[in-house]
Structures are given as structure tokens and as C-alpha cells.
K.L.:
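Have a look at this one before I ask anything.
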Amino acid sequence: MTTNTQPDRSRDLSQPLDQLGADETLKADSDQLRGTIKESLVDEVTAAVAADDAKLIKFFGIYQQDDRDIRDERRRQKLEPAFTFMARVRLPGGVCSPSQWLKLDELGRAYAGDTLRLTTRQTFQLHHIMKHDLRTVIRGMREVLLDTKAACGDDTRGVMCTVNPNLSRLHAQVHALAVRASDHATHKTGAYDEIWYGAERRPTKGPEEPFYGRTYLPRKFKIGFAIPPSNDIDVYSQDLGFIAIARDGELQGFNVAIGGGLGRTDQAPKTYPRLASVIGYVPADRLIETIDAVMSVQRDYGDRVDRAHARFKYTIDDKGLDWITEEIERRLGFPLAPAEPYELTSNGDPLGWSTGEDGREHCTLFIQNGRVINTPEHPMMDGLRAIAEVHKGTFRITPNQNLILSDIEPGDRPAIEKLMAEHGLDALERRSALRRNSMACVALPTCGLAMAESERYLPDLVTKIETLLDAHGLKEEPITIRMTGCPNGCARPYISEIGLTGRAPGKYNLYLGGGFHGQRLNKMYLENVGEPEILEALDATLGHYAREREPGERFGDFAIRAGYVAEVTEGRFFND
Ligand code: SRM
Ligand code: SF4
């Protein structure tokens, strides 16, 4: 990255490194993320990598995990945990080609437990990879021009972009900028090529990381591009969100939203979800400068002592939105224009077939919780492989963990439809409106932070809620429901109409009152409750909604009007 005017406190820190958090010292001493990862990968004594390397490989999109289903049993047997790794692909805007799909399918079958996982930030995760297979997997991805750079770590994450293929021209313009933003903001260390591809270390002319310095960012930083009227990417949950402003289908520029973030910790009142604040408008040709200016403010002023307080949202609230905006403008060298009018209407995906403005066809498939796997009823993985073998367009992963078979010439549609029918993929969209608007994070057994089930439980819970909806005549009412196995918020539960976050095995917090298109946070209604209490509460509130809602009133809005929860008006809520 090139930012000439900004002071870079990551290389010239006002506080000595030993007064900063341990992760800052680790980054600074890591030789630009090299650490001892190479040595760890060939250490045959353990299936894990060294503790410091486990933190550093996150910058390369790789997480060390263990099978939590058998953790206790392994401990009893005095064995080390069953370590494996998860690799997350860098896929800006979620668009990939059929040959990329085929390669990931092949790698998923050979090394990653016969499954692929589509994520809430529009990419693939491959779980269950053994340490000794990691390089093979990463090199396999390279064959189809994919990598896992910066899919995690204290840097910019996967850049999101509205998938809407129907607005083909506008989408192409915005998606190209999302790809550019991702390439621009991704770290530049040669460590990735050396560790994963076996490249020789090459001398660099200037600093190896001109923007990030030795300590990168204080915390993860997320960028996303929304194309109204869709808010599928949940633009207000991004650290830096861009809302496309178009005239006659031509991109003009972006409204800039800063400071979104959802992670919180139970019993830690200083942590809270916050929706992004729209601070102004920039023309499209100033996009990259804007990214540099905003990220550099967080780089230089973010909290480098307390990681629980290091996201950009806290920097903004500590310094004040006006101060941060002025600092961004100072670094940009020009004031932001007032935000342009825009309208967002939904954060879900319209499922099924549609025709784009260029006449090409697209089919959005419902993939429950993003899990691509073969089951006896739905040989989904086989079906998508068969489609990839004949498909000439693109695949697009949606921010709701669904999949669009995109850019299909009308003449090619019958062949795709036949394959969909043969593999049961056509049945997937015939689900209740609640299920179609449901989302769960991975949680157990791979996520080290999960306190309760999520992906493995939400489908059953939805079945039970469907019975309630049926009884109240609400089966076709679109209501968003999102579950996570802990309060970190990976399925963005705090901006759904019904949110559930795990507290302990079988116990969840229940949130109500979120905005249907992601414009308002929900509020906790019940704390630390099990399934019977959840169903009882939903039966009562949904029944009340069915009886007394006003025409067009959403469930989230009703939950506030009827007094079940107070409206969150500040764009953030604080832990009670
Ligand atoms: Fe997440 C950590 C999975 C989207 C907030 N997230 C994790 C880890 C890596 C657990 C860990 O650190 O060891 C999870 C891996 C589980 C596994 O076994 O796969 C994990 N997060 C996911 C995914 C796969 C959920 C999914 O089911 O799709 C999503 C991957 C997105 C991607 O492709 O990059 C995912 N995570 C999110 C989102 C939603 C978003 O970004 O739109 C959020 C909330 C937005 C935000 O960042 O504020 C989110 N994940 C977190 C947090 C809390 C961050 C915070 O500010 O407190 C953590 C924990 C952390 O960073 O300390 C976390
Ligand atoms: Fe894991 Fe919690 Fe994220 Fe779910 S929300 S994937 S349990 S970190």
C-alpha cells in the first residue's frame, strides 16, 4: 500500500513494544509473519504447530483447530487433542469460476473431510486438514489462482460485495473495485510464497510492508461493498462499508460507512456490537485513497494494549466520530461530500431463477448454513461438481451462505436444470420463508470458541419453529433468524429479527427486534435459556404478531412496537 502523508505509528510507536499487548510483540518479532512456521510444519512430534506460529498462520488464512467432540476422550487417554487445520480462501465478492470450484471440490474430497463450507463473508472454508497436507492444499489452490492470504489475522479480511447478478453492469464495476481493494489492502510479506510455495526469500527495495509495518493492524479489519437496494453484505456490520451510488446504471461513487462490528463478550460491558455510521460520499476514483486513509487511522490510533478493545468501532467511540472523520479527511486531503440518498430493502437472498439485464440467467440455491456435503437425500456436493463440469458462467457465494449459479446463457439452462433435478438441488428452495432466511455459524466441533451448537442445531430448531409459524398462519412470512455458538457474532445474529447466541451447551441468549434489512440492532429478550423457553417465547410473540401486526409490518418492528424489547437507537447496544 502507498500512503505518503500518514504517520505510521506501527513502525514508530509512541509506546515501547514491551508495554503493548503480547500479540504486538509477537508480530513485531515475527520477521514479517515468518515466525518458525516452516519448522513447525515439518515437526513430526506433534500434529500441531508451535503456539506462536498458530497465531501467525492466521494471517495466511489458516487456523489450528481440534475436534471438540473427542477432546475430553483424548484427554482421558492422555493423547494430545486431535489437531487439524482450517483453510479459508481469499475470494473477494464471492465470485469463482467453474474450474476453481472443481479444484476446491477435489481438495475438499481428498484432504478436508469430504465437504466444503460456504461462509458468511462469501468464501470457502476447508476444515479437517492434517498439518502434513496443508502445503499440498495451498499449492492446489494456487493452480487455479486462489490463495488464502489475509483471510484472517490483524489486517483486512475477505472483502465482501453484493452478489446481485441481475444488475450485471453495475455489479461488474463494483466487484472489480472490491477485487482491487482486496489486492491493495492484502499484506505484502514474501513469507506466504516462501512458506507455502517454497519460494526463495527475495530482497525488497523498501520496507517489506510499506503500509502495515512490523505490527500490522491492532485487530481484524473488514471491508464490504453494498449495491442498493440489497444489503446482503450487512454493510453496517463492516469496519469500512461502501454503499454504491449509481446513476442510470453507471457507478458514480460510494457513501462511506465506518465502525461496524458485532463481536461482544458476555459479562464484559465494555464490549458491544455497533452498526457503522455513514460519514459522507466519495467518488469512485478516490476509493483506494479512502481505504488507505481510513485504515491508517485505525492502524495509528487503534488500541494495541487490549485486544478486546482494539476493533475500529472502539477507536471511533473513544475518539469521537467527528474527530475520526476529520482525521480521515485530513489524510485524504479533501472533505467528504454529504452522503447521497440511498435505499436498502433486505439483507436476504431472493432464491430461484432470475434473468439479468444482459439476458443471462441466474439461479440462487439455498445451501443450509453454507454446508456443501453429500447426504442420502441430497447429493449436493456431487451435484455441484457435475454442474461445474458443464457450467460456462460463474459461481457466486452469497453473504447468506447461499450459492448462485450465475451467468448462464438461456440455451444452457435446461442442462443445468436437469443436473439440479437429478441431484435434488431444485428442492432446496422449497423451504419455509424462515428457513430461507436462517443462518448459523460453524461452531462445534471445529470452532475453538464455541460454547454451544449452532450449525448442527439450528436446522432442527427451525423445524420446530416452523410448526409454530404454521399454527399462526405465518409460514410464508419472511423473518430473519440467525444463530451463533458464542457471542462473537459470526452469523451476524445481532442484526436479525430473531437472534440466538450460545452461552453453554443447550443454552442461548434470545434477541428480538432487529431490522429486516440490517438497519437496526436487536436487543436481548431472554438470557441463557434452553429450547423449551425459546419455543415458548417465540410461540407467544409470533402469535401476538399474527394477530396484531399492521399491514406490511415486519416481525422485528412489531417486537419493538409491542414492547417486547426496547428499540436500539444508537447503532450499538451495551451489555447489561
Ligand atoms: Fe468469525 C472468530 C468463523 C464471520 C466475528 N470466526 C472466528 C473463528 C475463526 C474462531 C477462532 O478465532 O478460533 C471461527 C472459525 C470456526 C470454524 O471452525 O470454521 C469463525 N466467522 C466464522 C465464519 C466461518 C462463520 C460462518 O459460519 O460462516 C465466518 C467466516 C467469514 C469469512 O469468510 O471471513 C465468520 N466472524 C464473522 C462475522 C460476520 C462478518 O464478518 O460479516 C463476524 C462479526 C462481524 C465482526 O467481525 O464484528 C465474526 N469471528 C468473529 C469474532 C469476534 C470479533 C470481535 O470483534 O470481537 C471472532 C473472535 C475473535 O476475533 O477474537 C471470530
Ligand atoms: Fe465460533 Fe463463536 Fe464464531 Fe460461532 S460465533 S464460529 S462459535 S467464534
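Because the structure is a prediction, the values reported are computed rather than measured. Every number for a ligand or one of its atoms is a count from 1 in the order of the listing.
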K.L.:
Could you list the residues that satisfy side-chain contact (heavy atoms from CB on, under 4.5 Å) with T162, not counting sequence neighbours?
P.N.:
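Here the qualifying residues are N164, A226, I227, S230, D232, I233.
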K.L.:
Does the ring of Y216 carry K27 above it, NZ/CZ under 6.0 angstrom from centre and within 45° of its axis?
P.N.:
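That pair does not qualify as a cation-pi contact.
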K.L.:
Are R74 and D66 ion-paired here, with the side-chain N under 4.0 Å from a carboxylate O?
P.N.:
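Result for this pair is no, no salt bridge flagged.
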K.L.:
I'd like to know whether CZ of R180 has more than 12 heavy-atom contacts from other residues, nucleotides or ligands below 6.0 angstrom.
P.N.:
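12 or below, so no.
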K.L.:
Distance under 4.0 Å, heavy atoms only, partner ligand 1: which residues pass?
P.N.:
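These residues qualify: Y63, Q65, M86, R88, R117, T119, T120, R121, T123, Q125, H127, R219, K220, K222, G261, L262, G263, R311, Q401, A440, C441, V442, T446, C447, L449, N488, G489, C490, R492.
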K.L.:
Around atom 4 (Fe) of ligand 2, what protein N, O or S atoms are found below 2.8 Å?
P.N.:
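Short answer, with waters excluded from the count: C441 SG.
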K.L.:
By side-chain contact (heavy atoms from CB on, under 4.5 Å), which residues pair with R456, not counting sequence neighbours?
P.N.:
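Only D69, L444, P445, E453 meet the side-chain contact (heavy atoms from CB on, under 4.5 Å) criterion with R456.
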K.L.:
Before accepting this row, confirm whether a basic side-chain N of the pair D239/K220 lies closer than 4.0 Å to the acidic partner's carboxylate O.
P.N.:
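Salt bridge flag = no for K220 with D239.
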K.L.:
Quick one: do R482 and D234 make a salt bridge, cutoff under 4.0 Å?
P.N.:
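So R482 pairs with D234 through a salt bridge.
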K.L.:
Looking at D72 and R75, does any basic side-chain N land under 4.0 Å from a carboxylate oxygen?
P.N.:
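Looking at R75 together with D72, the answer is yes, because their closest N to O distance falls below 4.0 Å.
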K.L.:
Nearest heavy-atom pair of Q401 and T120: which atoms, and what distance?
P.N.:
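In terms of heavy atoms, the two residues are closest at NE2-CG2, 3.4 Å.
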K.L.:
Numbering the atoms of ligand 2 from 1, which are under 4.0 Å from a heavy atom of G489?
P.N.:
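Per the distance check, 5 (S).
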K.L.:
Compute whether any side-chain donor of one residue and acceptor of the other, for S182 and R90, lie under 3.5 angstrom apart.
P.N.:
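The criterion, which ignores hydrogens and geometry beyond distance, is satisfied for R90 and S182.
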